[in-house]
Chemist: 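Structure in structure tokens, see below.
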Amino acid sequence: MRVYACIDDIEKVARSRLDANAENYYSSGAVDETTLALNRSDYGRILLRPRVLRNVTSVTTSTTILGRQVASPIAIAPAAMQGLAHSDGELGTAKAAKNTASLMILSTYSNTSLEDVISATPDLPQASESPFWLQLYVHQDRCISEGLLKRAEKAGYQALVLTVDAPVLGRRLKDLRNKFSMPPHLKLANFDASQGVMTASERNSTGATSGAKADASLTWKDIDWLRSVTSMKIVLKGIMTHEDALLACQWKVDAIIVSNHGGRQLDTCPSTISILPEITAAVKSYSHAHPTLPVPEVYMDGGIRRGTDVVKALALGARAVFIGRPMLWGLVVGGHEGVEQVLQILNDELRNAMALVGVQSVDEIGEGCIIRKSLL
Ligand SMILES: Cc1cc2nc3c(=O)[nH]c(=O)nc-3n(C[C@H](O)[C@H](O)[C@H](O)COP(=O)(O)O)c2cc1C
Ligand SMILES: CC(C)CC(=O)C(=O)O
């Protein structure tokens, strides 16, 4: 396939290839798209400090995420309905994850079943080496979600990612205007028709999750319910305040993802990079106060388009970052090869930025690598 110079070039081509229904669904944020824009622009308010003469002949991006060795701290966020991007859908993304030894979170609302996604990695010696986590939207009928979790565990998913920032769906105006709908040739492959799972268009048109059968009544206590039905590790996706970070520590979840859903939920909430320091500080303070207790790992997503963005996120305490739209754009332009190229570009840029900042390993990336202008 064609070789691209950067993620923005891939995005331009991908967006020109999609019809308005899919292009607007993938690209849009909620309401005025204020948060969507901040997710990008706030990286520009953090500057990098180049340290020199530090021997950077062997820069390595390898790290661990929830104890698993990975080649890079850059991983794949869950995104619904990847069949809109390419006929391979989530199978393409899964193949790219496998070929690049990257971690991938599969959306509840995938067009490929969670079992078929795992079968994209048939040659793994054991299920515990699977690079897949499952994202969960809890169904009002808890039995349906319990069934999904049992299937995920059996198939070899290593962690369950509970999305906590979407008790109701954000108002994405372009989707409302387009009356966005999933094309009839696609299905939500983890469910059967009798399970009453609605498409995003139906969620949008109702404007609330009640019609979508997603459970808006979830509270922190439901983490106990999750623990009672699955032994998978638990990750909360969508933490944006220090109060909720502390609650996540108290509820002993394994990890949190600082995320505002790519600006698609609460518009005018802050960017993730601006709020990350508050979250990592809260988790650190909990750890100091409870030195014998484990604390959640902290990851982030939102607006990552450059290797330098990754350095900034790691400098502010994230252990890993997840990419949403860049993965979708890669899928559009080249199926699994396109997603591989996206990961390749970001990893090349990350290694380049690390060398120029003067560090050889991700553990060396810290506050000393950046200058922060006031973000709020
Ligand atoms: C088209 C699209 C679909 C998404 N679907 C889901 C989803 O099913 N579950 C979820 O937790 N997050 C979903 N997200 C949010 C992403 O996981 C992630 O938080 C966000 O895309 C990160 O921002 P970025 O796109 O700027 O990288 C979706 C995002 C997009 C753009
Ligand atoms: C089907 C949607 C609820 C998936 C989603 O999380 C999104 O579009 O942001």
Side-chain angles (χ1 to χ4, degrees), residues 7-8 11 14-15 18 21-30 33 35-43 74-85 89-90 93 104-111 133-139 160-172 174-175 180-182 186 188 190-191 197-209 211-214 216 235-240 257-266 271-273 299-306 309-310 313 321-332 342 346:
I7 304 303
D8 287 354
E11 171 174 345
R15 289 176 71 166
L18 290 171
N21 187 54
E23 193 277 333
N24 287 346
Y25 172 60
Y26 281 175
S27 65
S28 61
E33 303 189 334
T35 299
L36 177 70
L38 287 175
N39 270 359
R40 264 309 298 136
S41 60
D42 277 351
Y43 288 103
I74 303 169
I76 298 172
M81 295 180 263
Q82 295 179 22
L84 288 168
E90 291 82 4
T93 315
M104 167 180 169
I105 307 178
L106 180 73
S107 167
T108 294
Y109 295 142
S110 55
N111 297 133
W133 296 355
L134 180 72
Q135 177 267 332
L136 183 71
Y137 282 124
V138 175
H139 197 284
L160 149 70
V161 180
L162 179 69
T163 298
V164 292
D165 60 12
V168 296
L169 199 70
R171 290 182 64 81
R172 298 134 191 204
K174 290 175 194 142
D175 290 346
F180 170 75
S181 63
M182 188 171 70
L186 297 175
L188 296 180
N190 290 320
F191 302 95
V197 177
M198 286 191 177
T199 62
S201 68
E202 289 158 320
R203 295 187 81 181
N204 269 332
S205 59
T206 59
T209 51
K213 310 262 195 306
V235 180
L236 299 186
K237 174 174 180 283
I239 298 294
M240 283 293 289
I257 306 179
V258 177
S259 173
N260 54 32
H261 215 107
R264 295 161 73 80
Q265 287 298 107
L266 178 63
S271 67
T272 47
I273 194 69
Y299 320 129
M300 66 87 73
D301 73 20
I304 297 275
R305 304 290 181 270
R306 305 267 184 219
D309 301 336
V310 183
V321 301
F322 288 81
I323 53 165
R325 294 180 186 86
M327 166 272 294
L328 295 170
W329 306 138
L331 198 58
V332 171
V342 161
L346 285 173

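First listed ligand is number 1; within each ligand, the first listed atom is number 1.
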Chemist: Measure across Asp42 and Ser271 and return the closest heavy-atom pair with its distance rounded to 0.1 Å.
Modeler: OD2-OG, 2.6 Å
Chemist: Does Arg325 reach the side chain of Arg305, with side-chain heavy atoms less than 4.5 Å apart?
Modeler: yes
Chemist: Looking only at distance, does Tyr109 have an N or O less than 3.5 Å from an N or O of ligand 2?
Modeler: no
Chemist: Record the part of Tyr109 in heavy-atom contact with ligand 1 below 4.0 Å; permitted values are side chain, backbone, both and neither.
Modeler: neither
Chemist: Please list, in number order, the atoms of ligand 2 under 4.0 Å from a heavy atom of Arg264.
Modeler: 7 (C), 8 (O), 9 (O)
Chemist: What is the nearest protein non-hydrogen atom to atom 16 (C) of ligand 1, stated with its residue, atom name and distance?
Modeler: Pro78 O, 3.3 Å
Chemist: Give me the residue, atom name and distance of the protein heavy atom closest to atom 8 (O) of ligand 1.
Modeler: Ser107 OG, 2.7 Å
Chemist: Against heavy atoms of Tyr137, which atoms of ligand 2 measure under 4.0 Å?
Modeler: 5 (C), 6 (O)
Chemist: Under a 4.0 angstrom heavy-atom cut-off, which atoms of ligand 2 come close to Leu169?
Modeler: 3 (C)
Chemist: Which option, Met300, Lys237, Arg325, owns the non-hydrogen atom nearest atom 10 (C) of ligand 1?
Modeler: Lys237
Chemist: Is the positively charged end of Arg264 above the ring of Tyr25, judged by distance under 6.0 angstrom from the centroid and angle within 45° of the axis?
Modeler: yes
Chemist: Taking the side chain as every heavy atom from C-beta outward, state whether Ile74 and Ile323 have any pair of such atoms under 4.5 Å apart.
Modeler: yes
Chemist: With no hydrogens and no angle check, just 3.5 Å: does a side-chain donor-acceptor pair link Thr93 and Gln82?
Modeler: yes
Chemist: Could you tell me whether Arg172 approaches ligand 2 through its side chain, its backbone, both or neither, with non-hydrogen atoms closer than 4.0 Å?
Modeler: side chain
Chemist: Considering Arg264, Gln82, Arg172, which one's heavy-atom position lies nearest to atom 2 (C) of ligand 1?
Modeler: Arg264
Chemist: Whether the Asn24 and Asp175 side chains hold a donor-acceptor pair (N or O, under 3.5 Å, no angle test) is what I'd like checked.
Modeler: no
Chemist: Could you tell me whether the side chain of Gln265 reaches within less than 4.5 Å of the side chain of Leu169, counting heavy atoms only?
Modeler: yes
Chemist: Would you kindly specify which portion of Ala80 sits under 4.0 Å from ligand 1, judged on non-hydrogen atoms: side chain, backbone, both or neither?
Modeler: both
Chemist: Is there a donor in the side chain of Gln135 and an acceptor in the side chain of Thr163, or the other way round, less than 3.5 Å apart?
Modeler: yes
Chemist: With heavy-atom distances below 4.5 Å as the criterion, would you say the side chains of Asn260 and Asp165 are in contact?
Modeler: no
Chemist: Using a heavy-atom cut-off of under 4.0 Å, does the side chain or the backbone of His261 touch ligand 1, or both, or neither?
Modeler: both
Chemist: So for Arg40, does at least one of its heavy atoms come nearer than 4.0 angstrom to any atom of ligand 1?
Modeler: no
Chemist: Does a side-chain heavy-atom distance below 4.5 Å link Trp329 with Arg15?
Modeler: yes
Chemist: Is the contact between Met81 and ligand 1 made by the side chain, the backbone, both, or neither, using heavy atoms and a 4.0 Å cut-off?
Modeler: neither
Chemist: Around atom 11 (O) of ligand 1, find the nearest protein heavy atom and jot down its residue, atom name and distance.
Modeler: Thr163 OG1, 2.7 Å
Chemist: May I ask whether Tyr25 has any heavy atom positioned less than 4.0 angstrom from an atom of ligand 1?
Modeler: yes
Chemist: So, 4.0 Å and heavy atoms of Asn39: is ligand 1 close enough to count as a contact?
Modeler: no
Chemist: At a 4.0 Å cut-off, with the gap strictly under it, does some heavy atom of Leu328 reach an atom of ligand 1?
Modeler: yes
Chemist: Can an N or O of Gly324 be found at a distance shorter than 3.5 Å from an N or O of ligand 1?
Modeler: yes
Chemist: Any non-hydrogen side-chain atom of Met240 less than 4.5 Å from a side-chain atom of Val258?
Modeler: yes
